[in-house]
Amino acid sequence: MRYNYFKQALASIRQQPVVSVVSIIGTALAILLIMVIVMMDEVKVSSFSPESNRDRWLVYKYGSISHDTWGTEDSSNGPLGFNTVKQVFYPLETPEAVTAFVVHPSEAAFSLPGEGSFGADLRDVDDRFWNVMDFTFIAGKPFTRADFESGIPVVVISEELARKLYKSVDVVGRQLLINHVPYNVCGVVEDVSELADKAYAKAWVPFTTTNVGDFSWCDYMGGLSVIILAENAGDFGKIRDELTENFAKFGDEIKLGGWNFIQRGRPYTQYVAANTPWANMNPDMESVERGKLIVFSILLIVPAINLSNMTHSRLRRRREEIGVRRAFGAKRGAIITDIFIENLIISLIAGVLGLGLSVIFALIWKEGLFGSGRVNLEILIHWSTFGWALLFCFLLNLLSAGMPVWKASRVNVVNALNNKVK
């Protein structure tokens, strides 16, 4: 006769409602804490519009340079100059696209002619930016390479900014002032969450229309970051090799002035870039992974110890049933499997509850967790999120039910039937 694990799990909950509810809530809270941490990590690396190709990115956020007159350990670190971008990154042939843009958006004054101004985030980008990011255009289109190279004052604005300025999104061709300089709107895009930290802004202009492209020191460092979009992740090695060759050629030029670029393992994947915040340090992913393992272990083991006691309490009340099954020839392995699966079902019920609570928690307290960025379910929920939740449910069940289930399977039949098992 087929053993109905789901019915047995529900029966166990009904028979011992207090213990079962406390157990479910305890598991749900453990999953809640774990999933909030997972979500905070995933929004940094998972793909979502308009950064839908993060898995194909190689990020060169900052560069490092040293001089022959400095000490061997001394370096200057920061964004790249336009000259470096033009000579090293734009000539790359392997990638699908390469874009350069300012590291962080800046607050600029926006207004219509003859009206008062207000502040909004502006990002200076190149024309290739629109090939790397997948913005959704509501109206118009991005500015072109000709616009960029000629320094034509055009701007792409967000839906929010369009409605604030014009009370409409049908504004292509209309003029606005950015820092009191006239620009013509060429496109309107859907609003972007601040969690998309490379793409986010309220407006995007060619950096050839501002002083970003001209700003540099030593002619090699400046104000630009670079993202290289590979056709697929398998091209990363080839791209790095080509980039090394370009830097070597460029290095022959800059060495005449005593300068040397320090690569520090760049360019990084999005995962490495998100976990390497300092430009003057090499990535230490072993330390990052070790820290995550310690945190997850604590969040699993501590509740597992408490839940183990509750699981043991539930099983003690079922000792007569276990004794009867043993008396009718049930093997220890079958009993272990049956009770373990029943407990796993209860853990999964709690896991679904915990996952739901974690999403609600993240949406309500999004500013404390993610900053002021717009957060929606598309950003928070991926198949990987469900996968993590299921994995942690399984591990928590394994840790909390393992010993009690093993002890229950070894119960003496006579003692169990006489209710004498401790």
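Not measured: the values here are computed from a predicted model.
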* Before giving the answer on side chain to side chain donor-acceptor pair (under 3.5 Å), spell out for Thr94 and Asp235 the whole-Å C-alpha distance, their side-chain angles and the decisive distance to 0.1 Å. => CA-CA 8 Å; Thr94 305; Asp235 288 340; over 6 Å; no
* **Full working for side-chain contact (heavy atoms from CB on, under 4.5 Å) between Thr144 and Asp127** => CA-CA 6 Å; Thr144 65; Asp127 59 289; over 6 Å; no
* Asked: Taking it one step at a time, do Met39 and Ser358 satisfy side-chain contact (heavy atoms from CB on, under 4.5 Å)?
  -> CA-CA 9 Å; Met39 287 179 182; Ser358 66; 3.4 Å; yes
* Evaluate side-chain contact (heavy atoms from CB on, under 4.5 Å) for Thr209 paired with Phe148, printing each intermediate quantity in order. => CA-CA 8 Å; Thr209 65; Phe148 173 75; over 6 Å; no
* May I have the step-by-step check of ring-ring contact (aromatic ring centres under 6.0 Å, His included) for Trp130 and Phe143, ending in yes or no? => CA-CA 9 Å; Trp130 312 105; Phe143 51 80; 5.6 Å; yes
* Would Ile228 and Val59 satisfy side-chain contact (heavy atoms from CB on, under 4.5 Å), going step by step from the backbone distance to the final call? -> CA-CA 6 Å; Ile228 303 167; Val59 181; over 6 Å; no
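Within 6.0 Å of CE in Met281 there are 12 or fewer heavy atoms belonging to other residues, nucleotides or ligands. Environment of NZ in Lys292: crowded, with over 12 heavy atoms of neighbouring residues, nucleotides or ligands closer than 6.0 Å. Within 6.0 Å of atom CG in Asp170, 12 or fewer heavy atoms from other residues, nucleotides or ligands are found, so the atom counts as exposed in its surroundings.
In summary, the side chains of Arg56 and Thr269 do not present any donor paired with an acceptor at a separation below 3.5 Å, with no hydrogens or angles considered. For the residue pair Asp219 / Asn83, a side-chain donor-acceptor distance below 3.5 Å is found, with atom types taken as modelled. Residues Asp241 and Thr244 bring no donor and acceptor atom of their side chains to less than 3.5 Å of each other. Between Arg264 and Thr276, the side chains place no donor N or O within less than 3.5 Å of an acceptor N or O (distance only, hydrogens not considered). Judged by distance alone, the side chains of Thr99 and Asp126 do bring a donor and an acceptor atom under 3.5 Å apart. Asn275 and Asp284 are not linked by any side-chain donor-acceptor pair at a separation below 3.5 angstrom, with hydrogens and angles left out of the test. Side-chain contact annotation: Gln263 with Tyr60, donor-acceptor N/O pair under 3.5 Å present.
Proximity of Trp278 to Tyr62: side-chain heavy atoms (C-beta onward) are nowhere separated by under 4.5 Å. Within the 4.5 Å cutoff, the side chain of Pro79 has no heavy atoms near those of the Met221 side chain. Considering only heavy atoms from C-beta on, Ile254 comes within 4.5 Å of Phe261 through its side chain. With a 4.5 Å cut-off on side-chain heavy atoms, Asn246 and Tyr90 do not count as touching. The shortest distance between side-chain heavy atoms of Leu176 and Ile157 falls below 4.5 Å. Between Pro50 and Val192, the closest side-chain pair of non-hydrogen atoms falls below 4.5 Å. The closest side-chain heavy-atom distance from Asn260 to His67 is not below 4.5 Å. Inter-residue side-chain proximity for Ile34 and Val38 is flagged as met; some heavy-atom pair is nearer than 4.5 Å.
Shown here for Pro206 and Val154, the closest heavy-atom pair between the two residues is CD-O, 3.1 Å. Of all the heavy atoms in Val156 and Pro142, the pair that sits closest is CG2-CA, 4.1 Å. Between Pro91 and Lys86 the shortest heavy-atom distance is CD-O, 3.2 Å. When every heavy atom of Ser75 is checked against every heavy atom of Ile262, the shortest pair comes out as CB-CD1, 3.8 Å. Nearest heavy-atom pair across Gly63 and Leu80 is CA-CD2, 3.9 Å. The nearest pair of heavy atoms linking Phe236 to Ala230 is CE2-CB, 3.6 Å.
Ion pairing of Glu159 with Arg163 is present here, as a side-chain N (NZ or NE/NH1/NH2) and a carboxylate O approach within less than 4.0 Å. Salt bridge absent: Glu51 and Lys198 never bring a charged side-chain N and a carboxylate O closer than 4.0 Å. Between Asp197 and Lys44 no salt bridge is recorded (no basic side-chain N to carboxylate O distance below 4.0 Å).
Glu242 meets the salt bridge (Lys or Arg N to Asp or Glu O under 4.0 Å) test with no other residue; sequence neighbours excluded.
The closest donor-acceptor contact from the side chain of Ser158 to the backbone of Leu161 lies under 3.5 Å. Judged by distance alone, the side chain of Trp204 and the main-chain N or O of Ala199 form a donor-acceptor pair under 3.5 Å. A donor-acceptor distance shorter than 3.5 angstrom exists from the side chain of Ser193 to the backbone of Leu195, with no hydrogens or angles considered.
Taking CZ of Phe89 as the start and CG of Leu224 as the end, the distance is 10.5 Å to the nearest 0.5 Å. We find the CG-OG distance between Asp124 and Ser106 to be 6.0 Å, quoted to the nearest 0.5 Å. Note that CD1 of Ile25 and CG of Leu353 are 8.0 Å apart. Values are rounded to the nearest 0.5 Å. How far OG of Ser117 is from CG of Asn179: 9.0 Å, rounded to the nearest 0.5 Å. If you take CD1 on Ile227 and CZ on Arg54, they are separated by 9.0 Å, rounding to the nearest 0.5 Å. Remark: Arg145 CZ to Asn131 CG distance equals 8.0 Å, nearest 0.5 Å.
Aromatic ring pairs are classed by plane angle as parallel below 30°, tilted from 30° to 60° and perpendicular above 60°; the pair Phe118 and Phe110 is parallel.
A cation-pi arrangement, defined by a distance under 6.0 Å to the six-membered ring centre and an angle within 45 degrees of its axis, is absent between Arg123 and Phe207.
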